[in-house]
Amino acid sequence: MSQPRKKVIFSAMQATGRLHLGNLEGALRNWVRLQDEYELYAGIVDLHSLTTTFDDTGEVRDNVRQAAIDYLAAGLDPEKTAIVVQSLVPAHAELHILLSMITPVSWLERVPTYKEKREQLHIASPSYGLLGYPVLMAADILVYRADVVPVGRDQEPHLELTREIARRFNHFYGNIFPEPQSLLTEFAVLPGLDGRKMSKSYDNCIYLADPPDDLRKKVGDMFTDPVKIRKDDPGHPDQCPVYAYHLAYSPGTAEEVRDECEAGRLGCVAHKQQLADILIEALTPFWDRRAAIAADSDRVDAVLEEGARRAAARTAETMDLVWRAMKLR
Ligand code: TRP
């Protein structure tokens with residue numbers, strides 16, 4: 001008897017910059033855990049990068065490649081998981097244009113990230129593509145008829161919109177798309193070096209490709225508890241990004257460090273040195289794998305070709321259903 005089909009997951013990251021520690025701990029490690037149980041498509045969404053990077057697109061291709069290397073180094077297994085570069089699979093763009101016909105502009109103007117991006121990036125005259133960002137994301141997910149989408153909490157409004165678009169399509173043309181469920185990543189998100197969310201636009205990231213010396217320097221410059229001025233002042237670990245990292249990477253020693261910090265026996269400089277050692281030890285296996293993969297560029301090419309091939313097979317089935325449902329074929 002044939003096995004019941006595995007449920008399908010699509011998730012993705014943009015290729016706007018290099019991947020950072022938050023991407024690894026918040027998303028990649030989670031995908032690696034899911035890849036046995038699900039049929040997983042791990043996207044690198046380069047078309048989305050164009051919504052904010054359109055004047056200087058030269059970096060995008062290289063970022064895509066570096067992201068693919070990070071995906072593999074984190075432990076995504078190309079035998080199980082399709083690593084999908086969005087622009088290599090035309091069905092994403094095809095479904096996007098069809099969904100754009102049934103998506104009211106008013107829905108898109110309400111999406112919180114649209115306002116945030118305009119303000120943060122000082123975009124005076126937003127493009128049609130930026131407004132349509134969530135429609136492209138809906139197409140990414142629906143073109144695989146994905147059941148589950150692991151995302152961070154900030155992406156929840158996009159997922160809700162994806163479900164609304166799916167419902168509207170199904171209402172007009174028949175039941176093609178399952179409503180994808182979000183799987184919220186429970187991992188406590190690592191803060192950036194300054195205690196805010198880790199983000200390229202805040203320039204507060206530890207990048208996965210940073211060499212150990214850069215990492216040590218960045219940790220040395222990290223913000224700490226603002227009221228712990230002298231090293232023997234009592235500290236407040238819950239307000240300190242160095243402690244947040246310590247807790248994530250060395251939970252076994254966190255309590256001791258908390259006591260020492262609160263008692264004013266552990267200064268921030270010493271604690272940062274300790275943390276840099278912990279991080280370097282924890283990341284060394286990842287860096288070793290990363291270097292080996294980066295040195296084998298034929299293998300990276302082959303992985304991306306195979307990912308595109310599998311994605312094309314799955315998405316062609318969906319597009320066939322879609323064109324028929326819309327009576328265009
Ligand atoms: N918007 C997502 C982010 O910024 C990236 C993304 C694009 C995505 N398409 C997706 C995530 C589809 C999950 C599923 O993180």
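All residue numbers refer to positions in the sequence shown, counting from 1. Nothing here was measured: the structure is a model prediction, and the numbers come from that model. All ligand and atom numbering here is 1-based and tracks the order in the structure.
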K.L.:
Ring centroids only, cut at 6.0 angstrom: are His271 and Tyr243 within range, meaning strictly under it?
P.N.:
no

K.L.:
Is there a donor-acceptor pair closer than 3.5 Å between any side-chain N or O of Asp233 and the backbone N or O of Lys228?
P.N.:
no

K.L.:
Please list every donor-acceptor pair under 3.5 Å in which a side-chain atom of residues 118-127 meets a protein atom from a residue at least two apart or in another chain.
P.N.:
from: Ser127; atom 1: OG; to: Gly129; atom 2: N; distance (Å): 3.3
from: Ser127; atom 1: OG; to: Leu130; atom 2: N; distance (Å): 3.0

K.L.:
Side-chain atoms of residues 259-267: list all donor-acceptor pairs with protein atoms under 3.5 Å, sequence neighbours left out, distances to 0.1 Å.
P.N.:
from: Glu260; atom 1: OE2; to: Arg265; atom 2: NE; distance (Å): 3.3
from: Glu260; atom 1: OE2; to: Arg265; atom 2: NH2; distance (Å): 3.1
from: Glu262; atom 1: OE2; to: Arg258; atom 2: NH1; distance (Å): 3.3

K.L.:
Strictly under 4.0 angstrom, heavy-atom based: which residues surround ligand 1?
P.N.:
Phe10, Ser11, Ala12, Gln14, Val45, His48, Tyr133, Met137, Asp140, Ile141, Val149, Val151, Gln155

K.L.:
Do Arg196's NZ or CZ and the ring of Tyr202 fall within the cation-pi criteria of under 6.0 Å and 45°?
P.N.:
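Relative to the ring axis of Tyr202, which defines the angle, Arg196 lies inside both limits.
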
K.L.:
Report the residues that fulfil salt bridge (charged side-chain N to carboxylate O under 4.0 Å, His left out) with Glu94, sequence neighbours left out, ordered by chain and then residue number.
P.N.:
none

